[in-house]
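None of these values were measured; they are calculated from a predicted model. Numbering of ligands and ligand atoms starts at 1, following listing order. Reckoned from all heavy atoms, side chains included, excluding hydrogens, waters and symmetry mates.
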Amino acid sequence: MSNGDQAVVGIGQPAAVALKKNIVGLRMFPTNFGAGLVLPSTSFALWCWLRGDDHGVLLHASRRLVDAASSAFQLDSVIEGFKYDTGRDLTGYVDGTENPKGKKAVAAAIVRGQGAGLDGSSFVAVQQWAHDFKRFESLSAKEQDNSVGRRKSDNKELSDAPASAHVKRTAQESFSPEAFVLRRSMPWADGTRGGLNFVAFGHSFDAYEAQLKRMVGAEDGISDALYQYTRPVTGSYFWCPPMRNGKLDLRALGL
Ligand code: HEM
């Protein structure tokens with residue numbers, strides 16, 4: 001059930017600490033990148049991402065999961081993600097275009113060469129962003145496109161995008177070393193509030209942190225134009241164990 005198609009499970013640092021185990025590379029979500037913008041860091045022991053198209057089926061699967069885990073874990077929050085149109089953020093921009101594919105995606109997201117129990121695992125950053133739709137809609141179409149660095153109408157990358165444009169801040173090939181991650185973000189909504197539940201898998205958190213650092217302007221004082229209309233409200237790191245014989249391989253946790 002946790003093979004990634006139906007579910008993804010992530011272990012947070014609090015769970016590793018409770019088990020007195022150190023997963024090399026797992027840490028708490030950093031708050032301070034030295035740029036005057038403090039990011040929320042919300043640490044959780046366990047993250048379970050249940051996947052599917054049917055809300056009813058997902059609700060019952062969640063209930064069963066919460067019940068099954070109740071002797072050790074307390075439910076903190078449930079975020080319902082969904083697909084908007086062909087895979088757009090709620091601002092209307094296509095999200096995921098520059099994701100690595102095939103072997104490159106595996107190389108970006110999956111741990112290798114660390115030994116049994118760690119190889120095949122992944123580190124995931126999860127950040128819930130809340131959009132200010134009124135603020136976003138007050139921007140002209142050109143300002144909106146400039147904030148992302150792509151044209152909403154046809155998803156074309158803008159050659160003249162300002163340095164603050166999101167895709168300029170995060171251009172994966174522009175980092176040294178290159179900072180590739182596998183993003184699997186989804187929109188979320190609660191009544192009329194909404195935003196993006198940002199999810200990025202990496203073989204470590206380093207690429208993600210390098211991107212975040214640029215987004216807050218820690219390198220050159222220029223912060224990501226997305227901040228005009230969206231802010232993170234959570235920030236958590238998890239380690240997704242590898243699979244072995246169809247089950248989670250929890251050897252690294254001594255289980
Ligand atoms: C509300 C928050 C965010 C929104 C709405 C958003 C939206 C987008 C959109 C529309 C694109 C362009 C299409 C694509 O290549 O996917 C993009 C690209 C990208 N975003 Fe975000 N993003 C958000 C937060 C983040 C965060 C927090 C990170 C990492 C720290 C990030 C990393 C990236 C990367 C690596 C790319 C591809 C850059 C490239 O190599 O061209 N994004 N994002």
Side-chain angles (χ1 to χ4, degrees), residues 29-31 33 35 37-42 79 81-101 104-105 108-109 123-133 135-137 139 141 143-159 161 163-189 193-219 223-237:
F29 191 93
T31 56
F33 288 91
L37 248 181
V38 172
L39 301 178
S41 168
T42 42
I79 299 171
F82 57 92
K83 190 170 174 185
Y84 176 41
D85 193 48
T86 50
R88 295 176 191 270
D89 171 65
L90 289 171
T91 51
Y93 288 90
V94 175
D95 191 15
T97 311
E98 290 295 336
N99 256 333
K101 293 171 187 72
K104 285 189 175 164
F123 292 93
V124 65
V126 183
Q127 238 187 342
Q128 187 181 16
W129 290 69
H131 293 357
D132 180 341
F133 293 113
R135 177 83 186 98
F136 176 71
E137 284 162 3
L139 302 177
E143 286 168 332
Q144 294 182 0
D145 286 354
N146 276 343
S147 72
V148 174
R150 282 184 178 268
R151 207 155 51 200
K152 197 193 296 192
S153 57
D154 59 3
N155 196 26
K156 199 171 176 305
E157 197 165 344
L158 305 177
S159 53
S164 59
H166 180 55
V167 301
K168 285 268 184 131
R169 295 281 97 194
T170 55
Q172 297 158 103
E173 278 153 359
S174 70
F175 293 85
S176 179
E178 291 184 339
F180 280 93
V181 294
L182 185 64
R183 288 169 294 133
R184 283 285 182 266
S185 313
M186 289 182 103
W188 65 272
R193 292 187 332 115
L196 188 71
N197 201 39
F198 179 88
V199 174
F201 294 90
H203 58 72
S204 81
F205 294 120
D206 295 351
Y208 169 76
E209 284 185 8
Q211 295 166 8
L212 211 50
K213 219 170 162 178
R214 271 213 200 139
M215 284 181 70
V216 299
E219 278 182 14
S223 59
D224 197 303
L226 288 186
Y227 277 109
Q228 291 176 91
Y229 51 80
T230 187
R231 288 289 155 113
V233 292
T234 68
S236 317
Y237 278 167

### Query
How close does the nearest protein non-hydrogen atom get to atom 6 (C) of ligand 1, and which residue and atom is it?
His166 NE2, 3.7 Å
### Proximity to ligand 1 by part of Asp89, non-hydrogen separation under 4.0 Å
side chain
### Summary
Per-atom filter on ligand 1: closer than 4.0 angstrom to a heavy atom of Thr230 are 1 (C)
### Query
Any idea which part of Thr97 is under 4.0 Å from ligand 1, heavy-atom wise: side chain, backbone, both or neither?
both
### Query
What atoms of ligand 1 come within less than 4.0 Å of a heavy atom belonging to Tyr93?
10 (C)
### Query
Given side chains that start at C-beta, do those of Glu157 and Arg151 come closer than 4.5 Å, heavy atoms only?
no
### Task
For Glu209 and Tyr237, test the side chains for any donor-to-acceptor distance below 3.5 angstrom and give the result as yes or no.
yes
### Numbered atoms and elements of ligand 1 in range of Gln211, under 4.0 angstrom, heavy atoms
29 (C), 30 (C), 32 (C), 35 (C)
### Message
Under a 4.0 Å threshold between the charged nitrogen and the carboxylate oxygen, would Arg183 count as salt-bridged to Asp95?
### Response
yes
## Note on the structure
Looking only at protein heavy atoms, what sits closest to atom 31 (C) of ligand 1 is Phe198 CE1, 3.4 Å
## Note on the structure
ligand 1 to His131, heavy atom cutoff 4.0 Å, flagged ligand atoms 1 (C)
### Summary
The answer for which part of Leu212 has a heavy atom under 4.0 Å from ligand 1 is both
### Backbone or side-chain N or O of Glu98 under 3.5 Å from ligand 1 N or O
yes
### Task
Provide the closest heavy-atom pair for Lys152 versus Thr91 in the form atom of the first, atom of the second, distance.
NZ-O, 3.0 Å
### Query
At what distance is the nearest protein heavy atom to atom 39 (C) of ligand 1, and which residue and atom is it?
Gln172 NE2, 3.5 Å
### Task
Closest by any non-hydrogen atom to atom 13 (C) of ligand 1: pick that one out of Val167, Leu226, Val94.
Val94
### Query
Is it the case that more than 12 heavy atoms not belonging to Lys101 sit under 6.0 Å from its NZ atom?
yes
### Task
Mark yes or no for whether Asp132, through its side chain, and Arg135, through its backbone, hold a donor-acceptor pair below 3.5 Å.
yes
### Query
In the protein, which heavy atom is nearest to atom 9 (C) of ligand 1, and how far is it?
Asp95 OD1, 3.8 Å
## Note on the structure
ligand 1 to Gln127, heavy atom cutoff 4.0 Å, flagged ligand atoms 27 (C)
### Task
Identify whether NZ of Lys or CZ of Arg in Arg214 sits under 6.0 Å from the centre of the six-membered ring of Phe175 and within 45° of that ring's axis.
yes
### Task
Applying side chain to side chain donor-acceptor pair (under 3.5 Å), run through Thr97 and Arg150 and close with a yes or a no.
CA-CA 11 Å; Thr97 311; Arg150 282 184 178 268; 4.7 Å; no
### Query
Hey, are Thr31 and Ser41 close enough side-chain-wise for a donor-acceptor pair under 3.5 Å?
no
### Task
Could you give me the CA-CA distance, side-chain angles and deciding distance for Tyr84 and Trp188, then say whether ring-ring contact (aromatic ring centres under 6.0 Å, His included) is met?
CA-CA 9 Å; Tyr84 176 41; Trp188 65 272; over 10 Å; no
#### Entry: Ligand-residue contact atoms, ligand 1 with Gly96, heavy atoms, under 4.0 Å
14 (C), 16 (O)
### Message
Is Arg183 close enough to touch ligand 1? Criterion: a residue heavy atom under 4.0 Å from a ligand atom.
### Response
yes
### Query
Touching ligand 1 at all, Glu173? Heavy atoms, strictly under 4.0 Å?
no
### Query
Can you find a pair of side-chain heavy atoms, one from Phe136 and one from Gln228, that are under 4.5 Å apart?
no
## Note on the structure
Taking only non-hydrogen atoms of Tyr208 and a 4.0 Å limit, the atoms of ligand 1 in range are 29 (C), 30 (C)
### Message
Using a 4.0 Å cut-off to any heavy atom of Arg150, which atoms of ligand 1 qualify?
### Response
12 (C), 13 (C)
### Considering all heavy atoms, the nearest Phe205-Val124 contact
CE2-O, 3.5 Å
